Amino acid sequence: MTNKMQDTLVDLIRHGEPVGGRRYRGCGVDDPLSPPGWEQMRRALGDAAPWSRVISSPMARSREFAEELASRLVLPLTVEPELREIGMGAWEGRTPEEVEASDPEQYRAFHLDPVGARPPGAEPLDAFIGRISEVYERQIAAYPG
């Protein structure tokens, strides 16, 4: 008897445009989707439903659309706190132009080395990757196939 593993389809979907336009948002700024952001999400997904469940970040810009999608497709929804976005520290809620004007050296350093030159107080990239990897592995184990 052969024990065949089931494949698991995972689609990662980024949120649409949040209220407030382009600015640094991590887990410290919880702006909801803007009307164009809602339209972007609805257009991107259409009526396709190849999933058996929806798993979402707790951030409003992701969670609110996930709630609508799960309801419309009659799918279970899991809101996973550890799927929150990476913390951007002192840059949270600020536009790139504001950051560049107030701290041009740090801004340039970040764009040259986004791993090694994180904004002051930002979540380290390796911590973020570890957090997301743990969630991914846990969810794959919980919902195989």
Side-chain angles (χ1 to χ4, degrees), residues 6-145:
Q6 261 185 316
D7 289 335
T8 300
L9 170 68
V10 176
D11 283 326
L12 301 176
I13 303 166
R14 179 144 168 70
H15 61 76
E17 177 186 311
V19 169
R22 186 171 172 248
R23 44 189 199 141
Y24 291 102
R25 291 178 184 82
C27 57
V29 175
D30 198 12
D31 293 328
L33 287 175
S34 66
W38 278 95
E39 182 57 31
Q40 291 165 344
M41 296 302 297
R42 290 177 181 133
R43 192 173 48 247
L45 285 150
D47 293 324
W51 317 287
S52 57
R53 75 183 317 97
V54 176
I55 302 171
S56 176
S57 161
M59 307 305 294
R61 57 191 168 268
S62 299
R63 188 196 71 249
E64 290 172 354
F65 180 78
E67 290 168 347
E68 176 191 273
L69 180 68
S71 177
R72 181 169 50 91
L73 299 177
V74 192
L75 294 173
L77 170 67
T78 300
V79 176
E80 175 56 65
E82 295 301 307
L83 285 180
R84 67 190 177 279
E85 291 192 41
I86 191 167
M88 293 301 288
W91 293 7
E92 292 272 348
R94 299 174 66 197
T95 67
E97 296 78 18
E98 289 170 336
V99 171
E100 184 177 28
S102 68
D103 194 352
E105 287 182 33
Q106 178 68 43
Y107 181 80
R108 267 192 304 282
F110 175 73
H111 283 275
L112 291 172
D113 181 11
V115 175
R118 306 289 298 146
E123 181 178 12
L125 199 55
D126 58 346
F128 172 73
I129 292 168
R131 175 167 54 84
I132 298 303
S133 296
E134 287 176 21
V135 170
Y136 182 84
E137 294 301 325
R138 184 168 22 90
Q139 295 297 337
I140 291 294
Y143 305 112

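On a predicted model such as this, the values are computed, not experimentally measured, just so you know. Position 1 is the first residue of the sequence, and the numbers go up from there.
Put simply, the side chain of L69 does not reach to within 4.5 Å of the side chain of S56, judged on heavy atoms. With a 4.5 Å cut-off on side-chain heavy atoms, V99 and F110 do not count as touching. Proximity of M41 to E64: side-chain heavy atoms (C-beta onward) are nowhere separated by under 4.5 Å.
Separation of atoms CD1 (I129) and CD (E123) is listed at 10.0 Å; rounding is to 0.5 Å. Note that CG of L75 is 11.0 Å distant from CD1 of I55, once rounded to the nearest 0.5 Å. Annotation: the span from D103 atom CG to R108 atom CZ amounts to 9.0 Å, rounded to 0.5 Å.
Listed here is the closest heavy atom pair of V19 and D31: O-OD2, 3.3 Å. Minimum interatomic distance between D30 and A60 (heavy atoms only, all atoms of both residues): OD1-N, 2.6 Å. Closest of all the heavy-atom pairs between P96 and Y107 is O-CE1, 3.6 Å. Considering every non-hydrogen atom in both P114 and L112, the closest pair reads CD-C, 3.9 Å.
E98 meets the salt bridge (Lys or Arg N to Asp or Glu O under 4.0 Å) test with no other residue; sequence neighbours excluded. F128 meets the ring pair (Phe, Tyr, Trp, His ring centres under 6.0 Å) test with no other residue; sequence neighbours excluded.
Judged by distance alone, with hydrogens and angles left aside, the side-chain atoms of R23 form a donor-acceptor pair with the main-chain N or O of G93 at under 3.5 Å. Judged by distance alone, with hydrogens and angles left aside, the side-chain atoms of Q40 form a donor-acceptor pair with the main-chain N or O of E17 at under 3.5 Å. In this structure, Q106 contributes its side chain and R118 its backbone to a donor-acceptor pair below 3.5 Å.
For the side chain to side chain contact (heavy atoms under 4.5 Å, CB included) with V29, the qualifying choice from M88, R94, E92 is E92, the only one to do so.
Relative orientation of the Y24 and W91 rings is tilted, given thresholds of 30° and 60° on the angle between their planes.
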Run the side-chain contact (heavy atoms from CB on, under 4.5 Å) check on W51 and D11 step by step: do they pass? CA-CA 9 Å; W51 317 287; D11 283 326; 2.7 Å; yes
Stepwise side-chain contact (heavy atoms from CB on, under 4.5 Å) test for Y136 and V10: CA-CA 10 Å; Y136 182 84; V10 176; 4.0 Å; yes
Donor-acceptor list for residues 76-87 side chains, cut-off 3.5 Å, not counting sequence neighbours:
| unit_1 | atom_1 | unit_2 | atom_2 | d |
| --- | --- | --- | --- | --- |
| E80 | OE1 | R138 | NH1 | 2.8 |
| E80 | OE1 | Q139 | NE2 | 3.0 |
| E80 | OE2 | E82 | N | 3.4 |
| E80 | OE2 | R138 | NH2 | 3.4 |
| E82 | OE1 | R84 | NH1 | 3.4 |
| E82 | OE2 | R84 | NH1 | 3.3 |
| R84 | NH1 | P81 | O | 3.3 |
| E85 | OE2 | H15 | NE2 | 3.1 |
| E85 | OE2 | R61 | NE | 2.8 |
| E85 | OE2 | R61 | NH2 | 3.3 |

